[in-house]
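Report on the following structure.
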Amino acid sequence: MRLKIDCIMAKQIPTRADDYAQWYVEIVKRADLAENSDVRGCMVIKPYGYAIWEKMQQGLDKMFKDTGHVNAYFPLFVPKSMFEAEEKNAEGFAKECAIVTHYRLKTDPNNKGKLIVDPDAKLEEELVVRPTSEAIIWSTYRKWIQSYRDLPILINQWANVVRWEMRTRLFLRTAEFLWQEGHTAHATAMEAEKETLQMLDVYADFVENFMALPVIKGKKSEGEKFPGAIDTYCIEALMQDGKALQAGTSHFLGQNFAKAFNVQYSNKEGKLEYVWGTSWGVSTRLIGGLIMAHSDDDGLIIPPRLAPIHVVIVPIFRSEEEQTKISAAVGPLITALRHAGLSVKFDDRDTHKPGFKFAEYEMKGVPVRMAIGPRDLENGTVEIARRDTKEKHVMNVKDVVVEIPKLLEDIQKNMYARALKFRTEMTTTVETYDEFKNILNSKGGFVLAHWDGTAETETKIKEETKATVRCIPLHSTAEDGKCIYSGKPSKMRVLFARAY
RNA sequence: CGGGGCGUAGCGCAGCCCGGUAGCGCGCCACGUUCGGGACGUGGAAGUCGUAGGUUCGAAUCCUGCCGCCCCGACCA
């Protein structure tokens, strides 16, 4: 309470060290990314936040297309009987489904101006609001697939889904969220497995190169895998508070959905076989990860490749005359920078002072700020400030168009390097359960430890420490050891962490 | 669903215990001075006190019902 008041007075937000969760919420709100709506658990994504999502969409969509996928759109509603066809999938999501039971309202005869659900308009069959689209998509694929010639089907959809979570947090877990879900169908298991891993690589590539966030690729344990999948692969990223965030998943579905929806094809020998499937998705949760991984106590820091605005230009003037002169000088610069493919904002509002604008764009995480005042006009210079390090330096106007793109690249690289260094420092290898607990309670982060591979041990560790097996890393070397909990033999270390 | 808390101006809150007809900060509007790191002064607008009922001469304040939200837990791949 006291902290809150102080923060408002000082126009500052709680620091990460003070209260990480509150810091996160304040960044989201003050950077104008999103806010809680009047609908329980659902957020309004504001223009600036949505612009980041659009950047993510553009980056991912191109990568999907480059790997042969096309976009399509399937219905929001799934008839209950269809939803329950794949048993494990249905069970896994049953507890968090919103269901449509009626199709009409009517005026309340006992309460003027109010509406009630019309009891006569009960649906013959309830409609589930999709928490994920495997069911509706596989029931459609059934109609599309007869022969091996119809395969593979490589489809992605950009959509919203609803999962009625008990507790929600802006971007990280909301009742409705935006995502993309890829759903592919293949003739062979090998091809489907290859697709699963290919998309995992696409996600890792995107998160590392666009979001500047290193990830660990791995496989989920039996207990953590997607309901209805044979194998779930994931990428795990580390946030600044030492907790892990699952940034994307790619599932090898085997023939589970093909069998549930009876999707068969004739192979070259004329024999009927069940189709092999995959699904994979990332969501607006990535925005939450972006914030938690990179931002600082002064606000958001957006990696240039996802920044809606690359460069903001703040003119410094006292009189209208000065303002006019600066605008004239800035004009060609803006044109040149835009020609270089950059998104440039010239903030010449005279309703706010420069200091206010500096703080505002720092809060919004704009990678590069350029200030131009009377002094610069005389010297033919501008002041350049980079958001990631807060460093400022004076630059000749003639160098701007060449130097800014280089600077943006440097910021992108620096952000990745910083996040990688953090993750490296926050990854600990332990041999004993005591060590394991100590690390979790002192510094947190990723912990590499031996595990016997059983669900019982996983559950016990989770109950006792709140840490879970994030994944069984794909690229780690086999190493004989003993499970930290049970002492049973283990062939390799797995990645543990407390997670979002 | 269990435990706790809160609904008062756009936002954040005080007032409630001890009933007398609503206040503070930020924001907003106007004017002036400011403008190279979140400016200041003066004036101003803005609230059926969540909702329905009860007690009372009188209710933001006391009582009861209802609604909504938040936090902790359970839940959440």
Side-chain angles (χ1 to χ4, degrees), chain A residues 1-13 21-22 25-26 29-30 35-42 88-89 91-97 111 114 131-132 162-169 172-175 177 218-229 231-236 244-251 279 281 283 285 298-299 314-320 322-323 326 348-363 369-379 381-383 385 390 392 394 455 458 462-463 466 468-471 499-500:
Chain A
M1 180 64 65
R2 175 80 198 155
L3 179 71
K4 254 188 192 169
I5 291 165
D6 284 353
C7 289
I8 290 161
M9 305 279 281
K11 297 198 174 187
Q12 270 170 11
I13 60 175
Q22 194 57 37
V25 172
E26 286 297 324
K29 291 185 176 167
R30 297 215 195 188
E35 63 188 33
N36 283 311
S37 71
D38 294 335
V39 186
R40 194 209 78 105
C42 298
K88 287 213 173 86
N89 187 251
E91 264 182 44
F93 285 103
K95 285 170 291 185
E96 47 191 287
C97 286
N111 202 348
K114 301 289 182 190
T132 182
V162 169
R163 296 182 185 177
W164 214 263
E165 304 286 358
M166 291 300 194
R167 286 186 62 196
T168 58
R169 287 189 73 189
L172 297 174
R173 181 172 292 114
T174 46
F177 56 92
K219 198 191 240 190
K220 284 291 186 192
S221 66
E222 280 303 302
E224 296 266 320
K225 74 182 191 190
F226 178 76
D231 289 314
T232 287
Y233 296 87
C234 62
I235 49 173
E236 293 285 327
L245 184 78
Q246 177 178 295
T249 48
S250 185
H251 316 292
S279 66
S283 72
R285 176 181 238 208
D298 295 314
V314 177
I316 292 153
F317 54 85
R318 290 164 192 255
S319 61
E320 244 178 74
E322 275 179 0
Q323 187 182 8
I326 290 166
D348 61 348
R349 288 177 296 175
D350 59 3
T351 50
H352 295 276
K353 293 180 22 170
F356 179 93
K357 294 177 186 175
F358 292 173
E360 183 179 0
Y361 292 108
E362 270 160 20
M363 182 57 70
R369 182 185 74 228
M370 187 188 299
I372 307 183
R375 222 155 55 205
D376 294 302
L377 283 189
E378 271 177 39
N379 302 334
T381 59
V382 295
E383 183 196 74
K390 303 279 278 299
K392 289 195 274 198
V394 174
E458 190 180 8
K462 184 179 178 180
E463 280 170 5
K466 288 184 178 167
T468 48
V469 176
R470 299 318 301 154
C471 69
Y500 277 98

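Every chain is numbered from 1 and lettered A, B, ... according to where its sequence line falls, protein lines coming before strand lines. Only heavy atoms go into these numbers, but all of them, side chains included; no hydrogens, no water, no symmetry mates.
- Atom P of B:rC70 sits at a distance of 30 Å from the matching atom of B:rC29, rounded to the whole Å.
- Each of A:Arg285 and A:Glu360 was assigned the nucleotide of RNA chain B with the nearest heavy atom; the assignment lying further toward the 5' end belongs to A:Glu360.
- Formation of a donor-acceptor pair under 3.5 Å by the A:Lys357 side chain with backbone atoms of A:Arg349 is found in this model.
- Between the P atom of B:rC70 and the CD atom of A:Gln22 lies a distance of 14 Å, rounded to the nearest Å.
- In this view, A:Asp231 and A:Lys219 satisfy the salt bridge (Lys or Arg N to Asp or Glu O under 4.0 Å) rule, not counting sequence neighbours.
- A donor N or O paired with an acceptor N or O is not found under 3.5 Å between the base of B:rG36 and the side-chain atoms of A:Arg318.
- Nearer the 5' end of RNA chain B, as judged by each residue's closest nucleotide, is the contact made by A:Leu377, out of A:Leu377 and A:Phe93.
- Across all strands shown, B:rG65 pairs with B:rU51; the Watson-Crick or G-U wobble distances both stay below 3.5 Å.
- With distances taken from any side-chain atom of A:Arg375 to the nucleotides B:rG37, B:rA77, B:rG36, the minimum falls on B:rG36.
- Here, B:rC18 and B:rC62 have their C1' atoms 11 Å apart, quoted to the whole Å.
- Judged purely by atom type and a 3.5 angstrom limit, A:Arg163 has no side-chain atom pairing as donor or acceptor with the backbone of A:Ala175.
- Pairing of B:rC24, defined by two Watson-Crick or G-U wobble distances under 3.5 Å, is identified with B:rG12.
- Rounded to the nearest 0.5 Å, atoms OG (A:Ser283) and CD (A:Gln246) are 9.5 Å apart.
- Here the separation of B:rU42 from B:rG65, taken at their P atoms, is 49 Å to the nearest Å.
- Nucleic acid contact class of A:Asn36 (heavy atoms, under 4.0 Å, all strands): none.
- Heavy atoms of A:Lys225 sit under 4.0 angstrom from at least one base atom.
- Taking the C1' atoms as reference points, B:rU21 lies 24 Å from B:rU64, given to the whole Å.
- At the heavy-atom level, A:Arg349 lies nowhere under 4.0 Å from the strands shown.
- Listed nucleotides B:rC76, B:rG38, B:rG36 differ in distance to A:Ala359; the shortest reach to its side chain belongs to B:rG38.
- Relative to the side chain of A:Phe226, the nucleotides B:rG37, B:rA39, B:rA77 differ in distance, and B:rA77 lies closest.
- With hydrogens and angles ignored, the 3.5 Å screen pairs no side-chain donor or acceptor of A:Glu383 with any backbone N or O of A:Lys392.
- Residue-level contact check: A:Lys392 touches the bases, meaning some heavy atom is under 4.0 Å from a base atom.
- Distances were taken from every side-chain heavy atom of A:Arg173 (C-beta onward) to each of B:rC76, B:rG36, B:rA77; the shortest belongs to B:rC76.
- Considering only side-chain atoms of A:Ile316, the nucleotide from B:rG36, B:rG38, B:rG37 that sits closest is B:rG36.
- Residue-level contact check: A:Lys95 touches the backbone only, with heavy atoms under 4.0 Å from sugar-phosphate atoms and none from bases.
- Comparing the P positions of B:rG53 and B:rG15 gives an interatomic distance of 28 Å, to the nearest angstrom.
- One P atom belongs to B:rG50, the other to B:rC13, and the distance between them is 15 Å to the nearest Å.
- The partner of B:rA30 is B:rU42, by the rule that a Watson-Crick or G-U pair needs both atom distances under 3.5 Å.
- Expressed to the nearest 0.5 Å, how far CD of A:Gln323 lies from CZ of A:Phe317 amounts to 3.5 Å.
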Are there any protein N/O atoms within less than 3.5 Å of an N/O atom in nucleotides 43-46 of chain B, and if so, which ones and at what distance?
none

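- On the P atoms, B:rG5 is 29 Å away from B:rU48, given to the nearest whole Å.
- Looking at the side chain of A:Lys466, the nearest of the listed nucleotides B:rG73, B:rA77, B:rG37 is B:rG73.
- Distance noted for atom P between B:rC40 and B:rA14: 25 Å (whole Å).
- Among B:rC69, B:rC76, B:rG36, the nucleotide with an atom closest to any side-chain atom of A:Glu383 is B:rG36.
- The existence of a salt bridge linking A:Lys220 and A:Glu236 is confirmed by a sub-4.0 Å separation between a basic side-chain nitrogen and an acidic carboxylate oxygen.
- In terms of heavy-atom proximity, A:Thr468 sits nearest to A:Ala499 at OG1-CB, 4.5 Å.
- The residue A:Gly92 sits apart from the nucleic acid: no heavy atom pair falls under 4.0 Å.
- Within 4.0 Å of A:Arg163, counting heavy atoms only, lies no atom of the nucleic acid at all.
- When Watson-Crick and G-U wobble pairs are counted only if both distances are under 3.5 Å, B:rC1 pairs with B:rG73.
- The shortest distance between the side-chain N/O atoms of A:Lys353 and the OP1/OP2 oxygens of B:rG36 is below 4.0 Å.
- Atom CZ of A:Phe177 is separated from atom CZ of A:Arg285 by 8.5 Å, given to the nearest 0.5 angstrom.
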